[in-house]
Amino acid sequence: MIIENRNFDIKQIAESGQCFRMNPIGQNKYSLIAFDRYIKLKQLDENLIEISCDENDYNNIWERYFHLDFDYGIIVDRLVNGSDNFLKEAALYGKGIRILRQDPFEALISFIISQNKNIPSIKNCIERICEAYGNRKEDTASGIVYYTFPTPDKLAEAKKEDLRSLKLGYRDEYIIEASRAVINGTLNLEALKVCSHDEAVKTLKSIRGIGDKVANCVSLYGLHHIEAFPVDVWMKRVLSEYYNNKFDTENYRGYAGIVQQYMFYYIRHVYGASN
DNA sequence: GTCCAGGAACTCA
DNA sequence: TGAGTTCATGGA
């Protein structure tokens with residue numbers, strides 16, 4: 001499938017820190033493991049991307065995953081024509097970013113792991129947990145072997161020592177407890193998709209190991225509440241240095257998560273983040 | 001050896 | 001409520 005869209009840049013998405021299983025495999029090419037599937041993406045030119053899937057999978061899975069049923073150009077234009085100079089630069093720089101509609105459980109565990117870690121380290125931990133608790137699969141087209149993200153029952157039954165050996169640090173207990181909450185129904189991720197963002201964050205924060213930042217990431221990338229606004233160390237840098245800690249998300253009501261993503265991606269570029 | 005990373009829990013005031 | 005400390009781990 002070849003997709004034409006002026007706001008769809010696979011490199012920007014892969015480096016935007018919202019998903020951890022999209023990796024470069026060559027010039028303008030990336031692999032992605034999501035929903036038990038392995039696909040390749042190739043940026044043919046600025047507005048053209050080739051996805052290694054058929055029309056059926058595109059319509060049922062990837063169009064939703066990449067939020068291609070929404071026009072990001074409207075948001076970018078609004079920011080570029082607005083009065084906020086930092087956001088003007090940020091939106092232009094990251095105009096190919098999209099908010100991914102990831103599997104909620106994968107987002108939940110991934111962002112629990114993410115706390116106090118840098119992105120390469122998060123990726124390593126996630127690959128180890130997939131190899132240990134996910135299913136081994138082989139992509140029929142390429143013959144590439146990959147591992148799916150573990151299901152909640154696998155991680156709910158995991159032993160703390162086994163997780164600790166995967167170098168997850170103190171997060172091992174958080175992962176087990178969160179998975180058990182999903183299994184026993186305390187944490188109903190599907191229900192959190194259809195309730196409000198505020199309600200979702202409140203529920204997520206009732207789980208040990210999930211604070212405001214992780215809850216907002218899960219809400220944004222796993223539950224697709226695009227009004228979520230995660231603030232990590234990079235975002236704190238932006239808010240402090242460019243806004244004197246007076247940034248008001250109400251000015252971007254309903255799509256603050258997209259604005260946040262442009263800010264995050266741009267500030268890391270400004271500081272020359274190599275990870 | 002020191003500092004930092006898409007933080008959160010805990011303690012103490 | 002708010003500041004300070006601790007928690008594993010790897011990389012710069």
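Every chain is numbered from 1 and lettered A, B, ... according to where its sequence line falls, protein lines coming before strand lines.
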Check every strand shown and say whether [X] touches a base, only sugar-phosphate, or nothing at a heavy-atom separation below 4.0 Å.
{"X": "A/Ser16", "value": "base"}
{"X": "A/Leu168", "value": "nothing"}
{"X": "A/Ser121", "value": "nothing"}
{"X": "A/Gln260", "value": "base"}
{"X": "A/Gly209", "value": "sugar-phosphate"}
{"X": "A/Phe20", "value": "nothing"}

Exercise. Distance between the P atoms of C/dT6 and B/dG6, in whole angstroms?
Worked result: 23 Å
Exercise. If you measure from the C1' atom in B/dC3 to the same atom in C/dA8, how many Å do you get, rounded?
Worked result: 15 Å
Exercise. Would you say a side-chain N or O of A/Arg237 is under 4.0 Å from OP1 or OP2 of B/dA5?
Worked result: yes
Exercise. Does B/dA8 have OP1 or OP2 sitting under 4.0 Å from an N or O in the side chain of A/Arg208?
Worked result: no
Any donor and acceptor pair, going by atom type alone, linking the side chain of [X] with main-chain N or O of [Y] inside 3.5 Å?
{"X": "A/Arg101", "Y": "A/His224", "answer": "no"}
{"X": "A/Gln102", "Y": "A/Gly222", "answer": "no"}
{"X": "A/Arg98", "Y": "A/His67", "answer": "yes"}
{"X": "A/Asp57", "Y": "A/Cys53", "answer": "no"}

Can you check the [X] [atom1] to [N] [atom2] distance for me, whole Å?
{"X": "A/Lys213", "N": "B/dA8", "atom1": "NZ", "atom2": "P", "value": "7 Å"}
{"X": "A/Asp212", "N": "B/dA9", "atom1": "CG", "atom2": "P", "value": "10 Å"}
{"X": "A/Gln115", "N": "C/dT6", "atom1": "CD", "atom2": "P", "value": "18 Å"}
{"X": "A/Ile210", "N": "C/dC7", "atom1": "CD1", "atom2": "P", "value": "22 Å"}
{"X": "A/Ile112", "N": "B/dA9", "atom1": "CD1", "atom2": "P", "value": "10 Å"}
{"X": "A/Lys236", "N": "B/dC4", "atom1": "NZ", "atom2": "P", "value": "14 Å"}
{"X": "A/Glu173", "N": "B/dA8", "atom1": "CD", "atom2": "C1'", "value": "13 Å"}
{"X": "A/Met235", "N": "B/dG7", "atom1": "CE", "atom2": "P", "value": "13 Å"}

For this session: For A/Lys205 and for A/Ile119, find the nucleotide of DNA chain B with the closest heavy atom, then tell me which residue's nucleotide is more 5'.
Result: A/Ile119
Seminar exercise, completed: Applying side chain to side chain donor-acceptor pair (under 3.5 Å) to A/Tyr58 and not counting sequence neighbours gives none
Exercise. Can you name the side chain to side chain donor-acceptor pair (under 3.5 Å) partners of A/Glu127, sequence neighbours left out?
Worked result: A/Arg21
When you measure only distances, ignoring hydrogens and angles, does the side chain of [X] come within 3.5 Å of the base of [N] through a donor and an acceptor?
{"X": "A/Asp232", "N": "B/dA5", "result": "no"}
{"X": "A/Tyr174", "N": "B/dG7", "result": "no"}
{"X": "A/Tyr170", "N": "B/dG7", "result": "yes"}

For this session: Please determine, for the side chain of A/Lys167, which listed nucleotide (B/dG7, C/dG10, B/dG6) has the closest atom?
Result: C/dG10
Exercise. Choosing from C/dT9, B/dA8, B/dG6, which nucleotide comes nearest the side chain of A/Arg164?
Worked result: C/dT9
Exercise. Hey, is A/Trp234 doing a stacking thing with B/dG6, by the 5.5 Å centroid and 30° angle criteria?
Worked result: no
For this session: Nearest-nucleotide wise, let me know which of A/Asn124 and A/Arg171 is further upstream toward the 5' end of DNA chain C.
Result: A/Arg171
